[in-house]
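Residue numbers begin at 1 in each chain, while the letters A, B, ... track the order of the sequences.
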There are 2 protein chains.
Amino acid sequence: MSKDEEILEELSEFFKAFSHPVRLKIIINLMEGPQCVKNLGETLDMSQPSISQHLSILRNKGIVGCRREGSLICYYIKDPRVKKLYNLLIKEELSWQEKS
Amino acid sequence: MSKDEEILEELSEFFKAFSHPVRLKIIINLMEGPQCVKNLGETLDMSQPSISQHLSILRNKGIVGCRREGSLICYYIKDPRVKKLYNLLIKEELSWQEKS
DNA sequence: TGATTATATTTTGATATAATAATAACCTAA
DNA sequence: TTAGGTTATTATTATATCAAAATATAATCA
């Protein structure tokens, strides 16, 4: 596979991370700051395994990172492109977010 | 479904359009200007039905539009978010594109 | 150590998406 | 009207994704 093909593969994988409403929710929440899985689950009102599965997808793509903090595992946005994308296209669509 | 849920659904569908390398290629080509299906097929070296299927996906999401021009059908970028996204995240990753 | 809380992984079944081949539809020109 | 070139649709099969349930792992605390 050529260099350009690889780039397109990687880019499409990046966008695939954003192509599910639950993952979008997770990403939007993490944009406000690092969160542990438990908090995410409570905020989004979803089952723990479901949250965990989507987090592992985001982790495998390098979109988010995580660190253990005692008994909790704290997730945070890792890929710098996320912030760009959030500011450019996502933030302004969200009615519950103030535009700054 | 709440308003916010709908927004997230729509956004995730938008990103899904970019989550396949062939669709990315098509979009990148169309960013340089409108193109007929035949040209796209030759440029991307892909089967006509495959191109046509991906174009119909992009069409259904409102990402691209098309018009007939004689015996050809000409596709063009329709969703204004595409240009933003292209300039922000895609252009700079492509080695064959000059950065402006 | 055992119990509890927090998180991850695996499995299963349902659904969606993909590639390919075959066919249909549409336009133009002879 | 027929032929040739262009595009779309359909059907099929393979693969990927999804949600949900069950189970496993890891840390903390009694």
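- Residue A:H54 places at least one side-chain N or O under 4.0 Å from the OP1 or OP2 atom of D:dA19.
- Under the 4.5 Å side-chain heavy-atom criterion for ILVMFWY residues, no single connected hydrophobic cluster contains both B:L58 and B:L72.
- Put simply, A:S52 has a side-chain N or O that comes within less than 4.0 Å of OP1 or OP2 on C:dA8.
- The phosphate of C:dA6 (OP1 or OP2) has no side-chain N or O of A:Y75 nearer than 4.0 angstrom.
- One interatomic measurement links the two molecules: NZ of A:K61 to P of D:dA16, which rounds to 12 Å at whole-angstrom precision.
- A salt bridge does not link A:E9 with A:K16: none of the charged nitrogens is closer than 4.0 Å to a carboxylate oxygen.
- At D:dT15, none of the side-chain N or O atoms of B:H20 fall inside 4.0 Å of OP1 or OP2 (strictly under the cut-off).
- With rounding to whole Å, B:R67 atom CZ is found 19 Å from D:dT6 atom P.
- Rounded to an integer number of Å, the gap from NZ of B:K38 to C1' of D:dA8 is 17 Å.
- Under the 30°/60° scheme for interplanar angles, the aromatic rings of B:F15 and A:F15 are found to lie parallel.
- OP1 or OP2 of D:dA8 has at least one side-chain nitrogen or oxygen of B:R59 nearer than 4.0 Å.
- Comparing A:E69 and A:K16 by the nucleotide of DNA chain D whose heavy atom lies nearest to each, the residue mapping closer to the 5' end is A:K16.
- Cluster membership check: B:I57 does not share its hydrophobic cluster with A:L11, using side-chain heavy-atom separations under 4.5 Å among Ile, Leu, Val, Met, Phe, Trp and Tyr.
- For NZ of B:K84, the number of neighbouring non-hydrogen atoms (other residues, nucleotides, ligands) closer than 6.0 Å is greater than 12.
- You won't find any donor-acceptor pair under 3.5 Å spanning the side chain of B:Q53 and the base of D:dA8, going by distance alone.
- Evaluation of atom-type donor-acceptor distances gives a pair under 3.5 Å for the side chain of B:Q48 against the base of D:dA8.
- Here C:dT17 presents its P atom at 17 Å from CG of B:L55, a figure rounded to the nearest Å.
- Atom CD1 of B:I51 and atom C1' of C:dA19 are 13 Å apart (whole Å).
- The CG-P distance, from A:L40 to C:dT7, rounds to 9 Å in whole Å.
- Regarding B:N60, its CG atom lies at a distance of 12 Å from the C1' atom of D:dT9, rounded to whole Å.
- At the heavy-atom level, B:I57 lies under 4.0 Å from the strands shown only through sugar-phosphate atoms.
- In this model, the phosphate group of C:dA18 is approached by a side-chain N or O of B:R23 to a distance below 4.0 Å at OP1 or OP2.
- Residue B:I26 contributes atom CD1, which lies 13 Å from atom C1' of D:dT7 at whole-angstrom precision.
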